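These numbers come from a predicted model, not from an experiment.
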Number of protein chains: 2
Amino acid sequence: MTRTPLTATAIIAEAADLADEAGFDGVTLSAVARRLGVQTPSLYSHVRDRAALLDGITALALSELADRVAVAIAGRADRLALHGFAEAHRAYSLQSPGRWQSLQRRAGAAAVESSAARSFVALTDALLRGYGLPPEERVHATRLIGSTINGFLALEAIGSFDHSAPAPEVSWRKTLDALDALLMTWSTDAQNRTP
Amino acid sequence: MTRTPLTATAIIAEAADLADEAGFDGVTLSAVARRLGVQTPSLYSHVRDRAALLDGITALALSELADRVAVAIAGRADRLALHGFAEAHRAYSLQSPGRWQSLQRRAGAAAVESSAARSFVALTDALLRGYGLPPEERVHATRLIGSTINGFLALEAIGSFDHSAPAPEVSWRKTLDALDALLMTWSTDAQNRTP
DNA sequence: GGGTTTTGCCTAATGCCTGTAGGCTGGGAC
DNA sequence: GTCCCAGCCTACAGGCATTAGGCAAAACCC
């Protein structure tokens, strides 16, 4: 009556599901073991320790998100690509809050050097190339877009928008429009803004 | 030989210092007790439990940050006020990373209803009034500014900018300039951007 | 000023979690 | 059929949160 043979991948997948249900800090080796119908120490044959398990969730989430973003911006340019990029992030953060939360922390070396991370850089760069941004401005634009999107989703996730009307969606649309407008004009007047 | 008489305030202050040194999740009742030269259970006479202690740190941080922001934007308008507002946040996040981190999570009722929270709303509103934003647009602008600033500082804090040049400061300046430009034009063309 | 109450820190103890050490077993290799 | 070993198990050693109850000194009351 062997269940799933208990591999590192299976453990991390279960942990990711748990993260979505119980929050990222709710991810505990004992809880994962319980869900898998196994004793806690059995997990140590497959994952080094709790930190490694959490890093595994981060790597998984990064790769899942990169895939979604790739699909969302494929064959699109400018405004549509930006919206696809942003909506992919938002959908992920809303559907898989725990996985998404795993990305909001200092990533371990494994995640940083993963192919998903490189994928991300390439995707964002492609997005910005479409806007005609000069290469040396792309880092800053990347950082700005990342800050705004992640920042919005983070504030939404912790309920910062719960105490004021209207619904976050309205602000979200305006935010994306603002980003789009900004990128449109960036190439023409970025250089004389900051001397 | 009574040291400091051990009050809730003293405990929370010590916990906040610990958070800055060991990270917010490093804040543990035992560690705080050790630092105060006291046994762990002794803390329970003053704080209900660990969650209450963490909420205390959040409330403290919120109030400290509100004070700094108030000073930073006093007597300034527009671009200068925005820069003051943003720099106050950034300085706080760099000088007191643990306290700042305590703000990046779902706040307890105590913090939400604190006078510092109300202070924040008022300060941001004042900032935006200076830009001549129509009242119904202020929520969205507030959310956008908050998203971008917090998002940038969060990414900087977790080291997302460590693997690309140039230094974050350059992107930070460009980000603030972009926000300023955005707010400048918001009042004139916000309404025809999102129908 | 002496007795009493109150306050505030203490020790003791429980339960959950991480992480290590070592035992048992069942299925594949030969 | 026997041997080997991968893989899960039990046992155990800390560390932390939290509760219960003791004790001593300060505060208070008359």
Side-chain angles (χ1 to χ4, degrees), chain A residues 1-60 98 101-102 105-111, chain B residues 1-60 98 101-102 105-111:
Chain A
M1 194 169 105
T2 38
R3 294 260 171 215
T4 324
L6 201 61
T7 65
T9 327
I11 294 173
I12 290 171
E14 193 68 43
D17 289 348
L18 172 60
D20 287 336
E21 293 168 26
F24 187 69
D25 343 279
V27 175
T28 176
L29 281 169
S30 347
V32 173
R34 254 191 309 272
R35 286 168 72 106
L36 290 168
V38 153
Q39 295 301 316
T40 311
S42 308
L43 300 181
Y44 283 88
S45 316
H46 305 279
V47 295
R48 188 154 17 92
D49 53 10
R50 182 163 185 261
L53 179 67
L54 300 185
D55 281 351
I57 300 180
T58 301
L60 172 65
Q101 209 181 339
S102 81
R105 53 192 265 285
R106 185 157 235 118
Chain B
M1 197 167 103
T2 39
R3 296 255 169 217
T4 324
L6 200 62
T7 65
T9 327
I11 294 175
I12 289 171
E14 192 67 43
D17 288 348
L18 172 61
D20 287 336
E21 292 168 26
F24 186 68
D25 339 285
V27 175
T28 178
L29 282 170
S30 346
V32 173
R34 255 192 308 273
R35 286 169 71 108
L36 290 168
V38 154
Q39 296 300 317
T40 310
S42 306
L43 300 181
Y44 282 87
S45 316
H46 305 279
V47 296
R48 187 155 19 89
D49 53 10
R50 182 162 184 263
L53 177 66
L54 299 185
D55 281 352
I57 300 181
T58 300
L60 172 65
Q101 209 181 340
S102 80
R105 51 191 267 285
R106 184 157 238 119

Rounded to the nearest Å, what distance is computed from the [atom1] atom of residue [X] to the [atom2] atom of nucleotide [N]?
X     : N      : atom1 : atom2 : value
B:L43 : C:dC9  : CG    : C1'   : 10 Å
A:R48 : C:dT20 : CZ    : P     : 10 Å
B:Y44 : D:dA17 : OH    : P     : 6 Å
B:H46 : D:dT18 : NE2   : C1'   : 16 Å

Shortest non-hydrogen separation from [X] to [Y] and the atoms involved:
X     : Y      : result
B:F24 : B:S102 : CE1-CB, 3.3 Å
B:D20 : B:G98  : OD1-N, 2.8 Å
A:A16 : A:L60  : CB-CD2, 3.8 Å
B:I11 : B:H46  : CD1-CB, 3.6 Å

Can you tell me how far apart CG (B:L18) and CG (B:L36) are? Round to the nearest 0.5 Å.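 Atom-to-atom, B:L18:CG and B:L36:CG are 10.0 Å apart.
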CG on A:L43 to CG on A:L6, rounded to 0.5 Å: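 Answer for the CG-CG pair, A:L6 versus A:L43, is 6.0 Å.
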Determine to 10° how strongly the helix from C:dG1-D:dC30 to C:dC30-D:dG1 is bent, judged from the axes of its five-pair ends.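 End axes: 10° apart.
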Please list, in numerical order, the residues of residues 12-30 of chain A that have a heavy atom closer than 4.0 Å to any atom of DNA chain D.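 Within residues 12-30 of chain A, no residue comes under 4.0 Å of DNA chain D.
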Think A:R34 has a side-chain N or O under 4.0 angstrom from the OP1 or OP2 of C:dC16?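 No.
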Excluding sequence neighbours, so at least two apart, what forms side-chain contact (heavy atoms from CB on, under 4.5 Å) with [X]?
X     : answer
B:R50 : B:L29, B:L54
A:D49 : A:A51, A:A52
B:S45 : none

What does the list of N/O pairs under 3.5 Å between the protein and nucleotides 10-13 of chain C look like, with a distance for each?
from	atom 1	to	atom 2	distance (Å)
C:dC10	OP2	B:Q39	N	3.0
C:dC10	OP2	B:S42	OG	2.4

Under the side chain to side chain donor-acceptor pair (under 3.5 Å) test, which residues partner B:T58, sequence neighbours left out?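 Here the qualifying residues are B:R105.
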Determine which pairs satisfy side chain to side chain donor-acceptor pair (under 3.5 Å) with at least one residue from residues 9-18 of chain B, sequence neighbours left out, and list them in order.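 Found B:E14-B:R35, B:D17-B:R99.
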